[in-house]
Protein chains: 2
Amino acid sequence: MQPPGKRLESAEKGASPLASVARPRVPTSEEERLIEAIELLFFSYRDFTSDPDTILEEIGFGRAHHRVVHFVGRNPGITVASLLDILRITKQSLARVLREVIERGYLVQQTGEKDRRQRRLYLTEAGAELWERLVAPQRERVREALAASGPGGETAWREVMFSLLDEAQRPDVEKIIIKEP
Amino acid sequence: MQPPGKRLESAEKGASPLASVARPRVPTSEEERLIEAIELLFFSYRDFTSDPDTILEEIGFGRAHHRVVHFVGRNPGITVASLLDILRITKQSLARVLREVIERGYLVQQTGEKDRRQRRLYLTEAGAELWERLVAPQRERVREALAASGPGGETAWREVMFSLLDEAQRPDVEKIIIKEP
DNA sequence: AAAATATGTCAACATGGCTGACATAAATTT
DNA sequence: AAATTTATGTCAGCCATGTTGACATATTTT
């Protein structure tokens, strides 16, 4: 255990700043706004995932199962390799979740027609129902949030969210999320 | 193992729709936009956390340590109970992370002056440096993203993000993230 | 003096990541 | 035709971070 270092000055009511304190950078107004934005992103994302979490808990699934159901529902016939690309996890991690989702009848595998090494993934009807249950509250939450902002709010929001992506990832993400009919 | 259910129609190139398929709801244009927004949130949040993740890995810390360092840095002198409220984890989970962060000299505890049961938390100078390292890339990413949107973009983005919060949580989150001088 | 509060700790367990090694079938290349 | 590459699966073990339950200590409040 290292010797305790000097404390930072306290900013909380009731806290007691001592004599020897590290001088924190005085935050500029812009810095303050940016930190608030960072924290807002943290808390909003947490609430955004809370509705599905509740449903998942009922049926003994976790977020990992949710992601699989969602991206298979959204990309019927997706290959295991493509799903791994989207989720960015190892095949061993995916295998475990995939097995459970298949065993419980939410998902089926179908040998690829052209390339018979592939195991293309599809939701069953039960899977489609589950996906709808999971996505409905999120869709509603996002719908209300976008509506609550003024005109042009949705566009601005999407621009900012898109710009938060790694520059190198933007084309990939666009390909993944946009489905042209 | 249940019998496999019927598959959904495929939408992916190369996929082979079979005879017996579940009829997915035909997504309206609004639904499509909302789903894209949901997925954008997922991918943006992932990239948003990727820079700190890299730094954390170097020093053998995880996201849990990051959260502790961040919210103690942002709320010097915060009590353990308040930190638990923010993080919404059990005290046993926090204890483990807290111990590691303290042992490695990034954080110190100080008995509360008024209430000597409290253990108020402060970053050491090393902790403040670490926090700055972690927050700098996120701040920069958010700064660029907000700047990339048109005028009023920041306001619209914040409105939407704020509306994504559970209604009941909004006053609490506002209290947590806004620090008036 | 008793009760409530703030914090800490021990033990056991679950989820969902990871690495490494190896196996199989099918497609591609030589 | 044989060799190689690719798509997928599997076994085994490890790690980070969450959980519940029970109990301990110091301090404050009633």
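Computed over heavy atoms, backbone and side chain alike; hydrogens, waters and symmetry mates excluded. Order of the sequence lines fixes the chain letters, A, B, ..., with proteins taken first and strands second; residue numbering starts at 1 for each chain.
For the salt bridge (charged side-chain N to carboxylate O under 4.0 Å, His left out) condition, the pairs that include at least one residue of residues 51-66 of chain A, sequence neighbours left out, are A:D51-A:R141, A:D53-A:R63, A:E58-A:R133. Sorted by first then second residue, the salt bridge (charged side-chain N to carboxylate O under 4.0 Å, His left out) pairs that include residues 87-98 of chain B, not counting sequence neighbours, are A:D47-B:R88.
Listed by chain and residue number, A:Q169 satisfy the side-chain contact (heavy atoms from CB on, under 4.5 Å) test with A:D172 (two or more places apart in sequence, or in another chain). The side chain to side chain donor-acceptor pair (under 3.5 Å) search around B:Q138 returns none, not counting sequence neighbours. Applying the side chain to side chain donor-acceptor pair (under 3.5 Å) test to A:H66 and every residue at least two apart in sequence or in another chain returns nothing. For B:R116, the side-chain contact (heavy atoms from CB on, under 4.5 Å) partners at least two apart in sequence or on another chain are B:T111.
One can place CG of B:L98 at 13 Å from P of D:dT17, the figure rounded to the nearest angstrom. Taking atom CD of B:E100 as the reference point, atom P of D:dA16 lies 8 Å away to the nearest angstrom.
Sorted by residue number, the members of residues 60-69 of chain B with any non-hydrogen atom under 4.0 Å from DNA chain D read B:G62, B:R63, B:A64, B:H65, B:R67. Of the residues in residues 41-58 of chain B, none has a non-hydrogen atom less than 4.0 angstrom from any atom of DNA chain D. Heavy-atom distances under 4.0 Å link DNA chain D to B:I89, B:T90, B:Q92, B:S93, B:R96 of residues 89-96 of chain B, given in residue order.
Mapping heavy-atom proximity under 4.0 Å, the span of DNA chain C touched by chain A runs 5' to 3' from C:dG16 to C:dA27.
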I'd like a table of atom pairs between the protein and nucleotides 27-30 of chain D - only N or O on both sides, under 3.5 Å - with the distance next to each one.
residue, atom, partner, partner atom, Å
D:dT28, OP1, B:R116, N, 3.1

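One finds no salt bridge joining A:E32 and B:R139 here, because no Lys/Arg side-chain nitrogen approaches an Asp/Glu carboxylate oxygen to under 4.0 Å.
For the side-chain hydrogen bond (donor to acceptor under 3.5 Å, both in side chains) with A:H65, the lone residue among A:E100, A:R104, A:H70 that qualifies is A:E100.
Between A:Y106 and A:F61, the two ring planes are perpendicular [angle over 60°; tilted spans 30° to 60°].
B:T79 places no side-chain N or O within 3.5 Å of a backbone atom of B:Q118 that could act as its donor or acceptor partner.
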Review item, side-chain donor-acceptor pairs of residues 142-149 of chain B, under 3.5 Å, at least two apart:
residue, atom, partner, partner atom, Å
B:R143, NE, B:E140, OE1, 3.1
B:R143, NH2, B:E140, OE2, 2.7
B:S149, OG, B:L146, O, 2.9

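No side-chain heavy atom of B:M161 sits less than 4.5 Å from a side-chain heavy atom of A:F43. Side-chain contact between A:L164 and A:L41: present, with at least one pair of heavy atoms (C-beta onward) separated by less than 4.5 Å. Residues B:R170 and B:E174 are not in side-chain contact: their nearest non-hydrogen atoms beyond the backbone lie 4.5 Å or more apart.
In this structure, A:V135 and B:I35 approach most closely via the heavy-atom pair CG2-CD1, 3.9 Å.
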